[in-house]
Amino acid sequence: MTVARVVLVVAVLAAAVLVGLAWQRRNGRFTAVPTAVLAAADLTDGPHVHAPGVERLTSAEIGVEPGTRATFVQLSSEVCTPCRRTHAVLADLAAQEDGVRHVDLDVAQHLDLVRRFDVMRTPTVLLIDGAGVVVGRMSGATDRRQALAALEACPPPADGCPRGTTAG
Amino acid sequence: MSTSTTSVQAPAGIDPRGPRFGAALTAVLLVVVLLLGTGAAATVVLALVAAGFALGVARGVGGTWQGAVYRRLVAPRLAPPTEREDPRPPRFAQLVGLVVTGAGLLVAVLGAPLGVTVGAALALVAAFLNAAFGLCLGCELYLLGLRLRSARSA
């Protein structure tokens, strides 16, 4: 009986370690929308894109004009500690990089976005290009290195995002 | 530049190492519960853990006995914290802990002693993840709860 209890404790702790390691690996990892999918989208007919897998955010939806190069649209909750750290990292980056903006939205007030993008945890960060097209996302605590890597999906305006940066 | 629509007035920050230390103490107690099995002793220790969570919900994570131990015995031996965290997330985690351990106790009181084991095992996963990885399971679940609540009211 006692042996069974010790085995239970070890099993519970082992399960927790596996969960913790998986969680750590996932944090801040950028998932880009495939370039081919983005290239197939037609942006000429108004703000909403009609292409599978492509979403576009308007300034009305996020409350600010997108940066000319890229915007980090962060979805945060009040109970989330990594949100504060991610906020600081992204705000810093936005202050340093030309054409890059950062907006931090409370999930409780933006449940429409939470549903539309199937957000399961905070922080979740959507990276949009100058035209508001979502080019990728990441979730969990994000450090500066990871944010910079994500930003490579939107090179400086000379090259432009996959979709270009035509929309002012 | 950066724009924010979150937390209007954030309360004063707390030392983030406090809740993690507290979670480690909680985890040790929960291991004791599992080793004790399903008897009266196990139930009493789990009730102690639940009472600690209740304190945390009522007064914030610094108001628990684990918080007092950290302030008295641990913090004076450490360098001052380099960053502070919002006290609301760890407080929410205390609520999640209270619900999990409370449900286990309730099930046990209603006649299924295994409730103690299941409640303690679930709470141990959460407390261990908090102590070892800084992962706050309650905080991760917050958004799911929010989505469920709004789906029902919509």
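So you know, we letter chains A, B, ... as the sequences are listed, proteins then strands, and number each from 1.
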Do [X] and [Y] sit in the same hydrophobic cluster, where Ile, Leu, Val, Met, Phe, Trp and Tyr count as joined when their side-chain heavy atoms come under 4.5 Å apart?
{"X": "B:Val28", "Y": "B:Val69", "answer": "no"}
{"X": "B:Leu95", "Y": "B:Leu48", "answer": "no"}
{"X": "B:Leu55", "Y": "B:Leu105", "answer": "no"}
{"X": "B:Val33", "Y": "B:Val44", "answer": "no"}

Name the region of [X], side chain, backbone, both or neither, that has any atom closer than 4.5 Å to a heavy atom of chain B.
{"X": "A:Leu21", "answer": "both"}
{"X": "A:Leu13", "answer": "both"}
{"X": "A:Ala108", "answer": "both"}

> Which bit of B:Leu137 is near chain A, if near means a heavy-atom gap under 4.5 Å: side chain, backbone, both or neither?
Replying inline: neither

> Where does B:Ala132 contact chain A at under 4.5 Å (heavy atoms): side chain, backbone, both or neither?
Replying inline: neither

> Is it true that atom CZ of A:Arg26 has more than 12 heavy atoms of other residues, nucleotides or ligands lying nearer than 6.0 Å?
Replying inline: no

>> Counting heavy-atom pairs under 4.5 Å with chain A, which one of B:Val125, B:Leu146, B:Leu35 comes out on top?
In response: B:Leu35

Measure the shortest side-chain to side-chain distance between [X] and [Y] over non-hydrogen atoms and say whether it is less than 4.5 angstrom.
{"X": "B:Thr38", "Y": "A:Arg5", "answer": "no"}
{"X": "A:Met120", "Y": "B:Leu143", "answer": "no"}
{"X": "B:Thr117", "Y": "A:Leu8", "answer": "yes"}

> Which atom pair, heavy atoms only, marks the closest approach of B:Phe133 to A:Trp23?
Replying inline: O-CZ3, 3.6 Å

>> Can you give me the closest heavy-atom contact between B:Pro89 and A:Cys80, atom names plus distance?
In response: CG-N, 3.5 Å

> Any idea which of A:Leu75, A:Thr122, A:Val17 has the most non-hydrogen atom pairs under 4.5 angstrom with chain B?
Replying inline: A:Val17

> If you tally heavy-atom pairs under 4.5 Å against chain B, which of A:Ala141, A:Ala11, A:Ala16 wins?
Replying inline: A:Ala16

> Measuring from B:Arg84:CZ to A:Thr81:OG1, what's the distance to the nearest 0.5 Å?
Replying inline: 13.5 Å

